[in-house]
Amino acid sequence: MRKLGLTLIAFFMLLSCAACGQQQGETKKTDLQFKAGSYTASAQGYNGEVTIEATFSENAITDIQIQEQKETAHVGDSAYPILIEDIIAANGTGVDGVSGATFTSIALKNAVNAAAEAAEASDLDTFKNNTVTHQAKDEITGTWDVVIVGAGGAGMMAAAQAAQNGDTVLIIEKNAEMGGNTLVSGGAYQSTFDAVVWDPENPDATSGEYNGETYEKVTNDAGRIDTLKTILDWSEEPFDGTVDEAHPFVAGDIALNAQRGVHEEYLPTLLALKDEIRAYLAWAQPQLDSGTSETKLTLFSTINLHVFQTYYGGLRPNRENTEWIYGDVDLVRQFVEGGQEIKDWLEAQGASIDQSRAYTLIGCLWQRENAVNGGTVDGQFYEGKWGGYFAVPANTVLKANEANQIMTRTTANELITDDTGRVIGVKATQFDGTPVTVNANKGVIIATGGYGANIGMVQSTNDYWEDGFIANNIGTTNRSSLKGDGIKMAQAVGAATVGEGWTQMMPLGWVDNGNLAGGAGENVIYVNPETGKRYVDESAERDVLSEGGFENGMSEAKAKELGLKYVPGIYVEISNVGTTAGSGGFNNLPDDVEGRMIFRSVEETAELIGCDAETLRQTIMDYDNYVMGVAKELEVEKLSYRGTVGQVEVDDNGNYLPETYSLDKIRVRFLAPSTHHTMGGLVTDTDRRVLNENDEAISGLYAAGEVAGGIHAGNRLGGNAITEIIVSGRIAGNSASNQK
């Protein structure tokens, strides 16, 4: 038996070479002949084409170099070194793909096949079947204080916290690198930041202080005041879930929900929030009455608002309207309040967090998104999500104790229990079949994410979406490894689940592969491709937007005519040519992207998608006139908005100058709902202990992140997941350390 070790230096070498030194086993290959030389070939990957240069001798492939690629860093590109080594050893592409990088694996193999064909392979079919079999090695065993299954966001945060507590930590990850679904998410997290929002103690302040740094106050998007007034009028009566002709359910219509009342446990939050809103309006309303635009007023944002919007944003009935679901108030308030510590905790470890902008993303309902810039480890800066959410906590873990390890390409299969039912370890299998049996002195934390890539499981658990919406060919924003493994393992030892009937669809899925396109609903419009008219409030929740796409999407015939891969719900998003996906920035070179995005005149767009050009132009102008304040009503209401589709100048105070308005080219994206976040999962308490059907804690077992349910209920607000995985990961790490 042998124990696997991984030093800090070796681990960060792994960032660029996920398969260095892997041992080859039995090779199954047939002699082949090629025309010696180097050949360039390309194949479609997850984000674009993968271009390689393959070198052949007279009888073998001898080298593969990646020339160009756009695959997600530390997700797709992790497959390259592993597959290249296997393909060369096998003299063919019949080798196994890399878990979590399925699309990239296929792309690389297809490109190599094309190169082999160009090299005049004597038997291309044989080349495509030649493979290498990795031999299982001696069983790996060992004991740690805390064993964590899953090296995504929640798992790495749990590991960092446990390591800071002085515990030895082992992280088991089925993919080639840490990162999980967090690396293919938007990465922003929701949490109000007092320094940039309205301060009742200093209401006229234009800046705020935090940790000795000055931040400029953020102003409201248009429409925020009306939402606050709706909440101020929210009925304080007990919640009435009756759904009938007189009391319809319309997803996202908060005015209708406001009439239903409130669940008892959320009443104190509502009452406290109303007091906060009254104080804000007492300051804001006189300015509004004097003609000041709300977009000039400092943004209102509080913890109570975040808690309450998480509540009503997830408050949903099942499709039979017989059962309502909403988030556990203790879990919701815990993660919202815990979000206040994210910046300081991560920055103390080397991360760089930007909380200055309070921006929005799709379905977040408010301006409280924060970004991660990256993280610094030993003087080297790693950008974005990878740097701040992974390189930094991994450094914390691996430097805390030389026994701490991250074991990749290892799939957990089973939880080990003792005679009392306490979870004391994990059984797993490495990619080559090597068995792994590890023990946990204090506890096992399940952080394996959801099951959004398991379409069959999504379909079988569904109790919200209409039949046919979740089609067999629907896309997913998830990595291919997100199959629900952790839920199944925990259920095998008696764990209960909650809320699995509600799976979130992400409306911003690229039509060709379901990948997350990104964006914010406040600065775009969605139009029906047949009528050319808006059909939904684009700033609404994600289920509202997805349902709108399903009901107003493009026909299969029209999609095929446009050369689009057909999936249910393909819709048309229109924005200003300069607006990037949700950032409010600008594209330098707005080019067409085949099968995804075009830049056209209104007339060309109308002809392309099949609607009347005059109607489409009027739809856009009506919307822009509303945004500019020229018109007072919209045919389809929008709760929050910013930016026009057409081009218009503003004065020094940021006021629109309608006389400068023009409508030339528009930016058009073809999108469709993809499975995104499985909001149901394991039942946990506030210590993130996993509970059984009798609400009893399963000793030694904890869960963090998307694998757990009970928080987001029927619909998750955009940006809440990152906040929750960081907070719940830390809680699980602390609870395991303390053996709660």
Side-chain angles (χ1 to χ4, degrees), residues 250-252 361-363 465-466 468-471 473-477 504-576 579 581-582 592-600 602 604-613 615-617 619-620 622-623 634-638 641 645 666-676 715 718:
V250 179
L361 53 78
I362 195 73
W465 299 99
E466 291 185 19
F469 283 180
I470 308 175
N473 69 334
I474 195 169
T476 182
T477 64
Q504 182 169 82
M505 299 293 125
M506 165 54 75
L508 299 181
W510 288 118
V511 295
D512 54 350
N513 61 16
N515 192 11
L516 179 61
E522 285 82 357
N523 59 0
V524 298
I525 62 171
Y526 302 163
V527 299
N528 183 300
E530 294 183 5
T531 66
K533 294 186 175 183
R534 289 180 60 246
Y535 56 83
V536 71
D537 174 356
E538 297 86 357
S539 69
E541 296 95 319
R542 292 175 177 180
D543 60 336
V544 178
L545 306 182
S546 295
E547 184 176 25
F550 286 132
E551 294 178 347
N552 292 269
M554 192 176 291
S555 68
E556 183 172 3
K558 175 56 70 173
K560 289 181 177 179
E561 179 185 321
L562 294 177
L564 302 176
K565 174 187 174 184
Y566 179 73
V567 289
I570 296 177
Y571 68 93
V572 178
E573 177 198 84
I574 295 176
S575 66
N576 190 294
T579 306
D592 290 2
V593 180
E594 184 177 356
R596 291 183 174 188
M597 183 169 66
I598 60 173
F599 295 82
R600 293 287 187 278
V602 174
E604 289 170 331
T605 299
E607 182 177 2
L608 194 69
I609 66 176
C611 68
D612 177 69
T615 301
L616 180 60
R617 179 172 285 275
T619 295
I620 296 172
D622 287 347
Y623 176 81
L634 274 175
E635 185 174 347
V636 177
E637 183 183 16
K638 188 162 184 173
Y641 49 91
V645 174
I666 55 177
R667 180 177 186 263
V668 180
R669 298 199 298 176
F670 299 107
L671 305 165
S674 296
T675 63
H676 185 57
N715 173 74

Engineer: Answer yes or no: is there a side-chain heavy-atom contact under 4.5 Å between K558 and I570?
Structural biologist: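 They are not in contact (no side-chain heavy atoms under 4.5 Å apart), so the answer is no.
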
Engineer: Examine distances only and state if a side-chain atom of S539 and a backbone atom of E522 form a donor-acceptor pair shorter than 3.5 Å.
Structural biologist: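 Checking the backbone N and O of E522 against the side chain of S539, no donor-acceptor pair under 3.5 Å is found.
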
Engineer: Under the 3.5 angstrom rule, does the side chain of T619 hit a backbone N or O of G532 as a donor-acceptor pair?
Structural biologist: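 Checked: pair present.
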
Engineer: Mind checking whether I620 and I525 have side chains closer than 4.5 Å, heavy atoms only?
Structural biologist: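 They are in contact (side-chain heavy atoms under 4.5 Å apart), so the answer is yes.
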
Engineer: Taking all non-hydrogen atoms of both residues into account, name the closest pair between A251 and D543 and its distance.
Structural biologist: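 So the two residues come closest at CB-OD2, 4.0 Å.
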
Engineer: Can you see which heavy atom on C611 is nearest to which on P529, and at what distance?
Structural biologist: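 That closest heavy-atom pairing would be CB-O, 3.4 Å.
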
Engineer: Looking at side-chain heavy atoms only, is the closest gap between F670 and M554 below 4.5 Å?
Structural biologist: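 Yes, close enough: below the 4.5 Å cut-off.
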
Engineer: Has E635 got more than 12 heavy atoms of other residues, nucleotides or ligands less than 6.0 Å from its CD?
Structural biologist: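 Atom CD in E635 is not packed in, count stays at 12 or less.
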
Engineer: At their closest point, which heavy atom of P673 faces which heavy atom of S546, and how far apart are they?
Structural biologist: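 For P673 and S546, the tightest heavy-atom pair comes out as CG-O, 3.8 Å.
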
Engineer: How far apart are the closest heavy atoms of F599 and D592, and which atoms are they?
Structural biologist: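 Heavy atoms only, the tightest pair is N-OD1, 3.1 Å.
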
Engineer: Are side-chain heavy atoms of T615 and T531 found at a separation under 4.5 Å?
Structural biologist: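 A side-chain contact under 4.5 Å is absent here.
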
Engineer: Going through the checks in order, is the side chain to side chain contact (heavy atoms under 4.5 Å, CB included) test met by I474 and F469?
Structural biologist: CA-CA 8 Å; I474 195 169; F469 283 180; over 6 Å; no

Engineer: For a 4.5 angstrom cut-off between non-hydrogen side-chain atoms, does V645 reach N576?
Structural biologist: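 Result no, sub-4.5 Å side-chain heavy-atom pair not found.
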
Engineer: Do E594 and D512 have side chains that get closer than 4.5 Å, going by heavy atoms?
Structural biologist: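 Heavy-atom side-chain distance check fails, nothing below 4.5 Å.
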
Engineer: Does the side chain of M506 come within less than 4.5 Å of R542's, by heavy atoms?
Structural biologist: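 Answer yes - side chains close enough.
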
Engineer: Quick check: do I362 and P507 have side-chain heavy atoms less than 4.5 Å from each other?
Structural biologist: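 They are in contact (side-chain heavy atoms under 4.5 Å apart), so the answer is yes.
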
Engineer: Can you list the steps and then say if I574 with R667 is a side chain to side chain contact (heavy atoms under 4.5 Å, CB included)?
Structural biologist: CA-CA 6 Å; I574 295 176; R667 180 177 186 263; over 6 Å; no

Engineer: Rounded to the nearest 0.5 Å, what separation is found between the CG atom of L564 and the CG atom of L671?
Structural biologist: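 Here the interatomic distance stands at 10.5 Å.
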
Engineer: To the nearest 0.5 Å, what is the distance between CE (M597) and CD (E573)?
Structural biologist: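 If I round to the nearest 0.5 Å, the distance is 10.0 Å.
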
Engineer: For the side chain of R534 and the backbone of V536, is there at least one donor-acceptor N/O pair under 3.5 Å apart?
Structural biologist: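 Indeed, once roles are kept as given, a pair shorter than 3.5 Å links the two residues.
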
Engineer: For Q504 and N715, does a side-chain donor sit closer than 3.5 Å to a side-chain acceptor?
Structural biologist: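 Checked: Q504/N715 side chains pair up, N/O donor to acceptor below 3.5 Å.
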
Engineer: Starting at CE of M505, measure out to CD of E547 and round the result to the nearest 0.5 Å.
Structural biologist: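 Rounded to the nearest 0.5 Å, the CE-CD separation comes out at 12.0 Å.
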
Engineer: What distance separates T477 OG1 from N513 CG, expressed to the nearest 0.5 Å?
Structural biologist: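 These two atoms lie 10.5 Å from each other.
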
Engineer: Spell out, as yes or no, whether a donor-acceptor pair under 3.5 Å connects the side chain of K638 to the backbone of G521.
Structural biologist: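 Confirmed, K638 side chain pairs with G521 backbone.
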
Engineer: Going from CD1 on I666 to CZ on R600, what distance comes out if it is rounded to the nearest 0.5 angstrom?
Structural biologist: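 Rounded to the nearest 0.5 Å, the CD1-CZ separation comes to 10.5 Å.
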
Engineer: If I compare all heavy atoms of R669 with all of W510, which pair ends up nearest, and what's the gap?
Structural biologist: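 Heavy atoms of R669 and W510 come nearest at CD-CH2, 3.7 Å.
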
Engineer: Quick one: closest heavy-atom pair of Y623 and L634, and the distance?
Structural biologist: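 Heavy-atom minimum between the residues: CA-CD2, 3.8 Å.
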
Engineer: Would you please classify the geometry between the Y571 ring and the Y526 ring as parallel, tilted or perpendicular, with 30° and 60° separating the classes?
Structural biologist: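 Tilted, since the angle between the ring planes falls between 30° and 60°.
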
Engineer: To the nearest 0.5 Å, tell me how far E607 CD sits from L616 CG.
Structural biologist: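 Here the interatomic distance stands at 12.5 Å.
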
